[in-house]
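As structure tokens, the structure follows; a few thoughts come after it.
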Amino acid sequence: MKIVTKLTVVATLATFMFAGVNLTWGNAYTNSDADALTANHTFGVWLDVNDSMSFGWEGSGVKVGFDGPAGTQMRLGFSPNADADLGATSIGMSRAWWTSTGDGWGTDLSTAVDWGVAGLGSGDFTLTMNLGFGF
């Protein structure tokens, strides 16, 4: 009987542990200090905290997202920077403009714009287009 109880507890905790995970892959276009547009690949992992807030890692830093108006997500970001005593912070907005309706893996296509507000990236922006896989 003890093994059945342990398996039930582990299975229940596993469902909570993996609920609300979104893996992203995409392209990030950045306006650098030299006013040149550069493109890089970006990967990320987002975890849902509740229905209106999520946090994760995307590209080169940690981001926190809050639900905004009209289906958007407001984003606050921090990326450590080796050249500065403080890291670079950003503020942005994203919108998932297509989401699958099937069961199991959910996919979405989204676009995000993040503006640098402090650190070495002040005044620069990053436009990211992501393909997300969530469960």
Distance check, rounded to the nearest 0.5 Å: [X] atom [atom1] versus [Y] atom [atom2]?
X	Y	atom1	atom2	result
F66	T72	CZ	OG1	13.0 Å
T89	F78	OG1	CZ	8.0 Å
F125	T30	CZ	OG1	8.0 Å
N40	N27	CG	CG	9.0 Å
T107	L23	OG1	CG	12.5 Å

**OP:** If a pair satisfies salt bridge (Lys or Arg N to Asp or Glu O under 4.0 Å) and one of its residues is in residues 53-62, list it, with sequence neighbours excluded.
**Re:** E58-R75
**OP:** Answer yes or no: is there a donor N or O on one side and an acceptor on the other, between the side chain of D108 and the main chain of A96, under 3.5 Å?
**Re:** no
Subject >> Residues in side chain to side chain contact (heavy atoms under 4.5 Å, CB included) contact with N50, at least two apart in sequence or another chain >> reply: S52, M53
Subject >> Short side-chain donor-acceptor distance under 3.5 Å, T42 and W25 >> reply: no
Original post:
With clusters built from Ile, Leu, Val, Met, Phe, Trp and Tyr whose side-chain heavy atoms come within less than 4.5 Å, directly or transitively, what are the remaining members of the cluster of M93, listed by chain and number?
Top reply: M74
Contact summary for [X] and [Y], nearest pair of heavy atoms:
X	Y	value
N22	G134	OD1-N, 3.5 Å
A28	T126	CB-CG2, 4.0 Å
T128	N130	CG2-OD1, 3.5 Å

Subject >> Shared hydrophobic cluster, W46 / L131 (ILVMFWY, side-chain heavy atoms < 4.5 Å) >> reply: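 No, no single cluster joins them.
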Original post:
Mind checking whether V62 and L76 sit in one hydrophobic cluster, side chains of I, L, V, M, F, W, Y counted as touching below 4.5 Å?
Top reply: no
Original post:
Do W97 and T111 come within less than 4.5 Å of each other through their side chains, counting heavy atoms only?
Top reply: yes
**OP:** Assess whether side-chain contact (heavy atoms from CB on, under 4.5 Å) is satisfied between S90 and K63, documenting all intermediate values.
**Re:** CA-CA 9 Å; S90 64; K63 305 242 191 269; 3.8 Å; yes
Residue list, side-chain hydrogen bond (donor to acceptor under 3.5 Å, both in side chains) with [X], at least two apart or on another chain:
X	answer
D67	none
S94	Q73
W98	none

